[in-house]
Amino acid sequence: MVQRYVMSIDQGTTSTRCILFDARGRLVSVVQREHQQHFPRPGWVEHDATEIWRNLARIVPQALADAGATADQIVGLGIANQRETTVLWDRHTGNPVGRAIVWQDTRTDAMLEQLAREPGADRVRQLCGLPLATYFSAPRIRWMLDRTPGLRERAERGDVLFGTIESWLIWKLTGGVHVTDVTNASRTMLMNLRTLSWDDELLGFFGVPRAMLPEIRSSTEVYGTTSEVVPGIRIAAALGDQQAALFGQTCFAPGEAKCTYGTGSFLLLNTGPEPVLSTHGMLTTVGFKIGDEPAVYALEGSIAVTGSLVQWFRDGLELIGSAPEIETLARTVDDNGGCYIVPAFSGLFAPHWHSEARGVIAGLTSYITKGHLARAVLEATGWQTREVVDAMNADSGLALKTLKVDGGMTADNLLMQFVADVLDVPVVRPMVAETVSLGAAYAAGLSVGYWPDLEGLRRNWHRAGQWLPAMDPARRTTEYGHWRQAVELTFGWMRPGPAAVAPGSDLVEVLLADHRRFEQLFRDLRNTEADRPALVAELAALLVAHATATERIVRPEAPGELFADDLLAALDPDDFEKALQRLENLVDTHVRGEERGLLNDLRATMSTSDRTALGRAFAAERRRQLDLGSGDPAYIRDLADRLRL
Ligand SMILES: Nc1ncnc2c1ncn2[C@@H]1O[C@H](COP(=O)(O)OP(=O)(O)O)[C@@H](O)[C@H]1O
Ligand SMILES: O=P(O)(O)OC[C@H](O)CO
């Protein structure tokens with residue numbers, strides 16, 4: 001009998017793999033090629049989409065040859081891909097317009113700051129489930145359209161097309177089918193999470209023409225047949241790689257979760273047929289959609305830098321020759337020696353979402369050796385997982401019981417033990433470590449009837465490795481405290497923090513900067529694991545300084561806008577959550593009212609030089625208030641008295 005296989009392509013951040021699987025989910029052949037990472041400026045990360053396409057064109061025939069198979073033995077092809085990476089190409093020539101901008105790239109940070117102030121910004125998360133952050137595709141499309149002369153007009157005519165990588169590869173393989181799958185579309189910020197279609201409000205907000213967008217399709221259905229590379233193969237599934245891993249780990253039921261440790265790390269929890277909006281910094285995303293069945297949603301904790309920190313240690317610092325050597329080096333010492341590395345290379349993703357953060361190495365003394373640094377590199381992945389699991393538990397109201405893991409970093413035993421230690425739950429790894437590829441293969445196999453149902457796939461899952469928690473709880477608590485201290489050092493690096501508004505700035509800008517900082521502090525305060533006393537102190541200091549300066553400099557005629565009662569209540573630990581909520585509502589009302597009213601009045605009626613002069617006076621008064629120690633409760637009480645509040 002002629003053997004039949006499923007083909008899967010995993011187009012990842014660092015490489016592209018083609019794998020053939022048999023009916024029992026076993027690997028028959030694997031071929032992989034790396035592509036070049038381009039870092040043209042700090043924070044910029046690009047790929048050459050043509051190089052990725054050429055790699056694919058080489059590995060697909062090779063994978064067939066290695067298995068001794070021909071195209072007619074392939075029942076279907078499933079594609080999994082790095083998500084959010086943005087490719088624009090010319091419909092007529094098939095050539096990319098510039099390099100693809102990769103998901104780690106932070107160039108859109110300043111643009112997002114602007115967008116955050118525009119009407120409709122507060123609706124974005126509700127519509128698409130994602131925070132305004134550099135991670136996603138829409139800001140990148142806007143960035144390219146704004147900066148390349150004539151590009152917007154070409155996009156409006158449908159002459160220039162957008163796609164994430166699976167969309168680009170399907171278009172190339174089929175000679176012109178322009179589709180995307182719903183999981184990838186859910187990472188663009190342009191798809192409405194509930195209707196699963198492009199949303200006019202989001203398209204308008206980001207300024208993206210509909211004509212350049214692909215058609216959104218299910219994760220499992222036949223999109224077309226290959227006419228290039230190896231003709232005659234049905235393309236039967238596509239999924240973002242992290243969703244593919246969820247599928248490959250057979251997390252088909254609500255409550256099941258996995259974490260994939262690759263370039264970055266991504267923890268996804270299946271939440272079932274309704275989208276769950278996070279209040280703890282998780283993303284809401286589509287998990288998968290099988291044919292005509294309803295979509296299954298997931299909560300996701302995305303960590304930007306984990307394996308890529310190991311790569312940086314290898315290629316940037318040249319302290320090791322290959323990734324696995326990090327474990328050997330880390331084992332030369334017993335602990336981190338007091339050293340912590342927070343790899344905020346692309347800002348910090350979940351649960352913090354600080355695009356402006358940049359990395360730190362904290363706790364350096366002359367005692368630290370490269371062995372300690374190697375430990376700190378691995379531990380950074382463990383602690384980042386812990387932060388995400390804490391947030392996920394808080395969102396779901398459930399405590400994670402075990403963590404299913406996969407990806408390149410799970411080869412590292414020291415790391416996996418550390419993850420189990422800091423999470424205090426068992427960590428398990430399945431037999432097939434290539435879970436992304438397996439998930440894409442499962443989806444394609446289901447789509448064409450090679451596998452009958454999900455239950456059959458579940459039976460293929462076998463445990464190959466397990467790590468049990470063994471860390472002393474007191475040590476875990478102390479170490480976690482140090483980690484969080486180090487994380488706080490990364491905040492605000494690329495943008496002024498509360499005390500650092502430049503004197504002489506435009507008054508409108510100065511007021512807006514404070515408003516954004518208030519919002520960030522409230523976001524951070526929702527996390528029960530955060531250093532709440534420190535955050536309250538900063539919030540209190542800033543609110544008093546901001547309100548006093550507003551009252552004295554901007555509208556001396558209308559005093560009494562301070563929130564002193566609530567500030568005092570917020571300092572009362574017995575009534576913390578309630579007081580915080582009241583305070584947040586009050587501040588929110590103030591911020592919205594001022595941004596709709598006063599700030600537009602200032603823009604319309606005051607000259608730039610007057611606004612600058614007032615901005616300078618405001619910044620000086622605000623600075624004076626901060627220097628007076630306005631975070632001190634006694635001072636706040638005193639101030640409230642003096643202001644008759
Ligand atoms: N033994 C190891 N210890 C720690 N990190 C490792 C080890 N082996 C590989 N890695 C890291 O894992 C990543 C590769 O994993 P992979 O799942 O192939 O990633 P991706 O799919 O994102 O390209 C690289 O960033 C590499 O630095
Ligand atoms: O290609 P990976 O494995 O680094 O995954 C990248 C993610 O899809 C980014 O969201």
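For ligands, and for the atoms within them, numbers begin at 1 and follow the listed sequence.
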Fill in: Tyr480 and Asp390, any side-chain heavy atoms less than 4.5 Å apart
yes

Discussion item. Heavy-atom contact check, 4.0 Å cutoff: does Gln242 meet ligand 1?
Written reply: no

Discussion item. Is it the case that ligand 2 has an N or O less than 3.5 angstrom from some N or O of Thr263?
Written reply: yes

Worksheet item: Is the shortest N/O to N/O distance between Ile326 and ligand 1 below 3.5 Å?
Response: no

Worksheet entry | Nitrogen or oxygen of Val310 less than 3.5 angstrom from that of ligand 1 | no

Discussion item. Asp10 versus ligand 1: do any nitrogen or oxygen atoms come within less than 3.5 Å of each other?
Written reply: no

Practice prompt. Decide whether an N or O pair under 3.5 Å exists between Ser15 and ligand 1.
Written response: no

Response to the item:
Closest to atom 8 (O) of ligand 2 among protein heavy atoms sits Asp241 OD1, 2.6 Å

Discussion item. I'd like to know if Arg99 and Glu51 make a salt bridge, using a cut-off of under 4.0 Å between side-chain N and carboxylate O.
Written reply: no

Worksheet item: Can a non-hydrogen atom of Met409 be found less than 4.0 Å from any atom of ligand 1?
Response: yes

Worksheet entry | Test item, Ala323 contacting ligand 1 (heavy atom, 4.0 angstrom) | yes

Practice prompt. Examine the proximity of ligand 1 to Glu434 and report which part, side chain or backbone, both or neither, has a heavy atom under 4.0 Å away.
Written response: neither

Practice prompt. May I ask which of Gln243, Gln242, Gln82, Glu84 has a heavy atom nearer to atom 9 (C) of ligand 2 than the others do?
Written response: Glu84

Item to complete: Would you verify that at least one protein heavy atom lies under 4.0 Å from atom 21 (O) of ligand 1, or report that none does?
Response: no

Please tabulate, one pair per line, all N/O donor-acceptor pairs under 3.5 Å involving side-chain atoms of residues 329-342, not counting sequence neighbours.
| residue | atom | partner | partner atom | Å |
| --- | --- | --- | --- | --- |
| Arg331 | NE | Glu327 | OE2 | 3.3 |
| Arg331 | NH2 | Glu327 | OE2 | 2.9 |
| Thr332 | OG1 | Leu329 | O | 2.5 |
| Asp335 | OD1 | Gly337 | N | 2.9 |
| Asn336 | OD1 | Gly338 | N | 2.8 |
| Asn336 | ND2 | Glu379 | OE1 | 2.9 |
| Asn336 | ND2 | Glu479 | OE1 | 3.1 |
| Tyr340 | OH | Glu479 | OE1 | 2.9 |
| Tyr340 | OH | Glu479 | OE2 | 3.2 |
| Tyr340 | OH | His482 | ND1 | 3.0 |

Fill in: Geometric N/O contact Arg187 with ligand 2, under 3.5 angstrom
no

Practice prompt. Evaluate the side-chain proximity of Gln82 to Ile52: yes if any heavy-atom separation is below 4.5 Å, no if none is.
Written response: yes

Worksheet item: Mind checking whether Trp103 has an N or O less than 3.5 Å away from an N or O of ligand 2?
Response: no

Worksheet entry | Close N or O approach (Gln11, ligand 2; < 3.5 Å) | no

